[in-house]
Amino acid sequence: MIEFGYILIIIIIFELIAAFLIIYGLISLEKKVKSSLYNISKQAKNTLCAIKNVRSNLKGFNKSFSNITSLDIHKIKQVVFLILDIANFILLIKSMDFRNLSKNKNLKWKNIKKLIPFSLIKKFINNFKSV
């Protein structure tokens, strides 16, 4: 009977040791899982902040892009051509020699027509008519 008691005590001690090892393993696994979950939540929070930043940047870009697309490129092109025509006309006036013109007294319509930029006036009027 004593041998049965020793065997029972040995089995109980073995079960206690096995239970202690299992509980210790479960506690260590729980700590690892908690640390992994903490790291994952930290990365998810950083990713969420990055996504919010990208979203706000895209909203700003969309506003800027809608402002750009709302501009009438054709009108801008007309204004640039008008400015170039004005500069060309000013260069034409500067290049003419009015001293010889007054000496010859040849103020015919052909000479005066060179000074009046009809295309420039037409573009100027059309530009303000469309505004």
Out of curiosity, [X] [atom1] to [Y] [atom2], how far, rounded to the nearest 0.5 Å?
X	Y	atom1	atom2	value
Ile17	Ile22	CD1	CD1	12.0 Å
Asn46	Ser41	CG	OG	9.5 Å
Lys52	Asn57	NZ	CG	14.0 Å

*Keeping to residues at least two apart or across chains, list the ring-ring contact (aromatic ring centres under 6.0 Å, His included) pairs with something in residues 40-62.*
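ring-ring contact (aromatic ring centres under 6.0 Å, His included) check on residues 40-62 returns Phe61-Phe65.
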
Answer yes if [X] and [Y] sit in the same cluster of Ile, Leu, Val, Met, Phe, Trp and Tyr residues linked by side chain heavy atoms under 4.5 Å apart, and no otherwise.
X	Y	value
Leu16	Tyr24	no
Phe14	Tyr6	no
Leu29	Tyr38	no

Tabulate below the donor-acceptor pairs under 3.5 Å that side-chain atoms of residues 30-37 make, not counting sequence neighbours, or state none.
residue	atom	partner	partner atom	Å
Ser35	OG	Lys31	O	3.4
Ser35	OG	Lys32	O	2.9
Ser36	OG	Lys32	O	3.0

